[in-house]
A.B. asks: 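Pasting a structure here, questions to come.
Order of the sequence lines fixes the chain letters, A, B, ..., with proteins taken first and strands second; residue numbering starts at 1 for each chain.
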Amino acid sequence: MKNALLAWFQANERDLPWRKTRDPYAILVSEVMLQQTQVDRVIPRWRAWLERWPTVEALAAASAADVIVAWQGLGYNRRAINLHRAAQHVATHGWPDDLTELPGVGAYTAAAVGNFAFGHDVLPVDTNVRRVQERTGESFDGSCAQALFDLGATICLARVPRCGDCPLAYACPSRGRRYEPLRKQPAFEGSFRQRRSLALRAVAAGDQPADGDALVSLARDGLVVLHDGVASLPA
DNA sequence: GTCCGGAGTA
DNA sequence: TACTCTGGAC
């Protein structure tokens with residue numbers, strides 16, 4: 001199966017700019033951005049981010065406020081803070097052997113940076129890779145990572161896989177199956193998440209939001225600081 | 001297990 | 001309008 005996968009990948013690889021670098025910082029930024037957002041939206045944001053902060057030292061020297069503002073619209077604002085803190089850790093101590101020591105870096109992201117930047121033969125298992133492995137019953141090694149990403153993103157889709165176009169269908173026991181959605185999420189409209197988002201945007205714009213609960217929650221995550229009830233972005 | 005954003009899509 | 005989509009922290 002591995003050979004069929006890699007042959008397909010050679011002919012169908014997506015053109016993603018972070019695949020052209022081995023800089024662990026640039027790759028980490030791409031992985032953190034991609035943890036929540038579609039590839040097409042991330043590409044311009046990733047380019048702009050690296051233009052503004054080309055190195056891990058540059059990001060470490062930025063203010064948290066600038067990082068939060070630059071992250072606007074990418075979602076999950078805690079990740080921006082974690083990325084900033086991770087950069088400060090690396091700028092001070094260098095890259096740790098165990099990348100999960102960095103805030104916001106778990107098993108998946110550590111494996112991705114370890115493989116793509118440091119050349120370790122580890123397979124970063126994200127939801128796409130897990131799905132392909134479960135459906136095919138095959139265990140792939142680290143050299144298949146990018147191929148599995150692309151297969152999972154374009155062919156082996158979560159609910160209605162395109163088995164007719166799949167290079168692994170000939171040997172796949174799940175060929176032709178369809179699946180129920182795995183998670184359900186409450187509506188964003190009217191949610192506390194939305195209130196947090198609105199409050200943070202207001203603070204970033206220099207306003208004082210009236211939503212105290214949202215501000216307290218943001219302060220717990222280090223996204224705002226409260227002094228005598230006055231909210232501002234962290235320095 | 002729950003929480004976390006918000007744009008794209010049907 | 002309602003629903004889809006992530007990995008990590010807790």
A.B. asks: For A:Asp40, answer base if it contacts any base atom (sugar-phosphate contacts may also be present), sugar-phosphate if it contacts only those atoms, and nothing otherwise; contact means non-hydrogen atoms under 4.0 Å.
C.D. replies: nothing

A.B. asks: Consider the side chain of A:Arg193, meaning its heavy atoms from C-beta on, and name the nucleotide among C:dG8, B:dC4, C:dT4 that approaches it most closely.
C.D. replies: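 Closest of the options to the side chain of A:Arg193: B:dC4.
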
A.B. asks: Does the plane of the ring in A:His93 sit parallel, tilted or perpendicular to the ring in A:His89? Use 30° and 60° as the thresholds.
C.D. replies: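 Rings of A:His93 and A:His89: tilted, 30 to 60°.
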
A.B. asks: Could you tell me whether A:Lys20 and A:Asp15 make a salt bridge, using a distance below 4.0 angstrom between a side-chain N and a carboxylate O?
C.D. replies: yes

A.B. asks: Between A:Phe149 and A:Tyr108, how do the two ring planes meet: parallel, tilted or perpendicular, split at 30° and 60°?
C.D. replies: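 Because their plane-to-plane angle lies in the 30° to 60° range, the rings of A:Phe149 and A:Tyr108 count as tilted.
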
A.B. asks: Listed by chain and number, what are the ring pair (Phe, Tyr, Trp, His ring centres under 6.0 Å) partners of A:His227, not counting sequence neighbours?
C.D. replies: none

A.B. asks: Check A:Lys2 with A:Glu138, please: is the shortest side-chain N to carboxylate O separation under 4.0 Å?
C.D. replies: no

A.B. asks: Mind checking A:Phe188 for me? I need base, sugar-phosphate or nothing, with any heavy atom below 4.0 Å counting as a touch.
C.D. replies: base

A.B. asks: For A:Pro186 and A:Gly106, find the nucleotide of DNA chain C closest to each by heavy atoms; which residue's nucleotide sits nearer the 5' end?
C.D. replies: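 Whichever sits nearer the 5' end wins; that is A:Pro186.
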
A.B. asks: So which protein N/O to nucleotides 8-10 of chain B N/O distances come out below 3.5 Å?
C.D. replies:
none

A.B. asks: Would you verify whether the NZ or CZ of A:Arg14 falls within 45 degrees of the ring axis of A:Phe9 while also being under 6.0 Å from that six-membered ring's centre?
C.D. replies: no

A.B. asks: A:Tyr76 ring centre to A:Arg79 NZ or CZ under 6.0 Å, with the angle to the axis within 45°?
C.D. replies: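 Positive - A:Arg79 is close enough to the ring of A:Tyr76 and near enough to its axis.
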
A.B. asks: Does A:Thr109 make a side-chain N or O approach to OP1 or OP2 of C:dG8 shorter than 4.0 Å?
C.D. replies: yes

A.B. asks: Which one, C:dG7, B:dC4, C:dC5, comes nearest to the side chain of A:Gln35?
C.D. replies: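 Output: C:dG7.
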
A.B. asks: Side chain of A:Phe192 only, heavy atoms from C-beta on: which candidate in C:dG7, B:dA7, B:dC4 is closest?
C.D. replies: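 When the side chain of A:Phe192 is considered, B:dC4 is the closest of C:dG7, B:dA7, B:dC4.
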
A.B. asks: Give one of base, sugar-phosphate or nothing for A:Gln185, where a contact means two heavy atoms less than 4.0 Å apart.
C.D. replies: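 A:Gln185: base contact, heavy atoms under 4.0 Å.
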
A.B. asks: Hey, can you pull the residues of residues 68-82 of chain A with a non-hydrogen atom under 4.0 angstrom from DNA chain B?
C.D. replies: A:Gly73, A:Gly75, A:Tyr76, A:Asn77, A:Arg78

A.B. asks: For a quick check of understanding: with a heavy-atom distance under 4.0 Å over all strands, which category does A:Val105 fall into, base, sugar-phosphate or nothing?
C.D. replies: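 Here A:Val105 touches the backbone only, sparing every base.
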
